[in-house]
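Single-structure report; data block below.
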2 protein chains.
Amino acid sequence: MIVMDRDQGRKPRKSAARGSYAVGDERRARILDVAVEHFAQWGFHASSLARIAKDVGITQGGLLHHFRSKEDLLVSVLRHSDEQDVARFFSLEPRTAVEAFESIVDLARFNSERPGRTRMFNVLAAEAGELGHPAHDYFVRRYRAVVGQIAGTLRAAVERGELGPDTDCERVASEIAAVMDGLQLQWSLAPATYDMPGRLHGYLDRLLRSLTADGSGLPANG
Amino acid sequence: MIVMDRDQGRKPRKSAARGSYAVGDERRARILDVAVEHFAQWGFHASSLARIAKDVGITQGGLLHHFRSKEDLLVSVLRHSDEQDVARFFSLEPRTAVEAFESIVDLARFNSERPGRTRMFNVLAAEAGELGHPAHDYFVRRYRAVVGQIAGTLRAAVERGELGPDTDCERVASEIAAVMDGLQLQWSLAPATYDMPGRLHGYLDRLLRSLTADGSGLPANG
DNA sequence: GTCTATAGCCGGATAGAC
DNA sequence: GTCTATCCGGCTATAGAC
C-alpha cells in the first residue's frame, strides 16, 4: 500500500529463454492471489499450506517449491500487495490538499473492490500486534511509512497555506489511517450495506473544513 | 462492551450449598481470563484448548468440563466481556453530548489498561468478517448495538439543541466506532509510544466543534 | 516443476477412572 | 472436577522419484 523496503525485492530471473520463466511466474502469481484470500479468511496462524495449494490446483509439496516456508509466503504476499499499490497510488505527488484527500478516497474505493486483500490487511494487522508474529515488524514499519507519507503531504499543504499553521500533521495523519482501518473493519462485516468510500469522504470533508481557514471542504465526487 | 442479548445468560446455579459452587465459578472465571489473552494473541482458529488449559494450570480434558467446546468457550468469553462493560459504562444515560463524549474517552482509557482484551476484540472483529466464523453474527449484532447506542445519544443531544439539526447521527456514530477501532489497531502495534485515549480525545474534540453551532469543543481532561 | 511419501508434532473431542 | 488415554485428523517441512 505504501513504499517500504523497496530494495528487498525478489531476486530477478537470470534469463527468459524460451519463455519458460513466464509460466513459472504466472503460477507464482496465482499462488499469491490465492494466499491473499486465505490469509484474509484465516489470518496467518490458521491458514494452511495444504488448503492454499489445493485451491491453486497443486499439492503442498509443489507450493513449497515456490515459497520455501509458510512465513516466506506471508512476507511475499505482503510485499507483492505493497508493490501493486505503490504503482497504483503513489507514483505522483499530490499538488493540493484536496487532491491528496481525493486520492485517499480513491484508495478506499479501490479497496472496496478487492475485499479479500482488504480483509487480509485487517486480520493480519490485528494479529501482528503480538510481538513475535511473523508480520509484526512489517506492520510497525508499514504504519510508520503510511502515517509518515500522509503527514508529509499535509505538511506541504500547511506550507502552501492550504491548511492552518497549527495543524498537527502527524496526529491528523495517524487519525486518517485509523478511520480508514476502522471503516474497513465495519465494512468487512457487512460489505453490501456499507458505503465505505462514501463514509471516508464524509469524514475527510469535515476534517478538511476544520483544518482550513475558510472552512472549504471536499468536492462531492472525490 | 455494549448491551446485547442479555437474556442468553448462562443458566444460574441451582443451589449454593456448602459454597462448593463458588470455587467452581472461580476456576471458570480464571479460564475466561486466560482465554481472553489467547484469543488476543492467536485469534479463534489458531488458539488451542491445550495451551489455554496449560496456562490455567489444568489439562485440556479439565477445561472441557467447564466449556463443552472451543466455540462455547469463545461465545462465553465474548458475553462475559460485554457484561463487564455494561456494568462499567452503560449503567446510566449521559445528560449532555460532552458527557457522552467524555465517557467514550473513558472507555478508551480503560481499554488501554487491559491490552489483552482490547487486542482480542481487534483480532476477532477482523477474523469475524468471514461468513461462517463462529463470532460473525455476534460482531454484526455488536456493531449494530454500539452504533445504535451512540446514535441514540447523539439524537437526544440534537433534540436538546446541543448539536446541529442536520447531524447525521448514524453516520457520525459509525465513524466514532471506526476511529476507536483504528486507533486501537495502531496502539496495539506499539502500545508504549501511542497515547490512544489522547488521540481519541483530540478527534472527538474536533468532531464536537464541527457539530456545534458555537464551535465549542471537549474539555481538556475528559 | 510437481508429485508421493513420510516424519514428527499438535489439534479437538470423547470415554472412563478416580 | 480433574485426570489419563485414545481416536482421528491436520499441520509444516523434508526427501527423493519422475
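These figures come from a predicted structure and were not determined experimentally.
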Exercise for the section: Spell out, as yes or no, whether a donor-acceptor pair under 3.5 Å connects the side chain of B/S174 to the backbone of B/E170. Expected result: no
Exercise for the section: Remember a base hit wins even if backbone is also touched, and classify A/I58 as base, sugar-phosphate or nothing at under 4.0 Å, heavy atoms. Expected result: sugar-phosphate
Practice task
Step by step, work out the salt bridge (charged side-chain N to carboxylate O under 4.0 Å, His left out) result for A/R28 and A/D25.
Solution key: CA-CA 5 Å; A/R28 204 185 141 93; A/D25 281 354; 5.5 Å; no
Problem - Side-chain N,O (B/R27) to OP1/OP2 (D/dT2) below 4.0 Å - result: yes
Practice task
May I ask you to verify if any side-chain N or O of B/R51 is less than 4.0 angstrom from the OP1 or OP2 atom of C/dG11?
Solution key: yes
Exercise for the section: Would you mind telling me which of C/dG12, D/dT12, C/dG1 lies closest to the side-chain atoms of B/S48? Expected result: C/dG12
Exercise for the section: Quick one: label B/L64 by what it contacts on the DNA or RNA (base, sugar-phosphate, nothing), any heavy atom closer than 4.0 Å. Expected result: base
Handout entry: Spacing between B/F67 atom CZ and D/dT2 atom P, to the nearest angstrom
Key = 11 Å
Fill in the blank from the handout: Whole-Å distance, B/H38 NE2 to C/dC10 C1', equals 15 Å
Practice task
Could you tell me whether A/R199 sits above the aromatic face of A/W187, with NZ or CZ closer than 6.0 angstrom to the six-membered ring centre and within 45 degrees of the axis?
Solution key: no
Handout entry: OP1 or OP2 of C/dT2 under 4.0 Å from side-chain N/O of A/H66
Key = yes
Practice task
Return no unless some side-chain N or O of B/H65 is found under 4.0 Å from OP1 or OP2 of D/dG1.
Solution key: yes
Exercise for the section: Rounded off to whole Å, could you give me the CH2-to-P distance for the A/W42 and C/dG11 pair? Expected result: 16 Å
Completion exercise
Picking from C/dG11, C/dT2, D/dA13, the nucleotide nearest the side-chain atoms of A/K70 would be D/dA13
Handout entry: Length of the CD-C1' vector between B/E26 and D/dG1, whole Å
Key = 14 Å
Fill in the blank from the handout: From CG of B/L63 across to P of C/dT14 the rounded distance in Å is 14 Å
Problem - N/O donor-acceptor pair under 3.5 Å between B/D205 side chain and B/L218 backbone - result: yes
Exercise for the section: Specify the separation, in whole Å, of atom NE2 of B/H45 and atom P of C/dG12. Expected result: 12 Å
Handout entry: Contact under 4.0 Å: B/T59 side-chain N or O vs D/dT2 OP1/OP2
Key = no
Exercise for the section: Measure from CG on B/L73 to C1' on C/dA13 and round the result to the nearest Å. Expected result: 14 Å
Problem - d(CG, B/L49; C1', C/dA13) in whole Å - result: 9 Å
Exercise for the section: Taking only Lys NZ, Arg NE, NH1 and NH2, and the carboxylate oxygens of Asp or Glu, determine whether B/D82 and B/R79 approach each other closer than 4.0 Å. Expected result: no
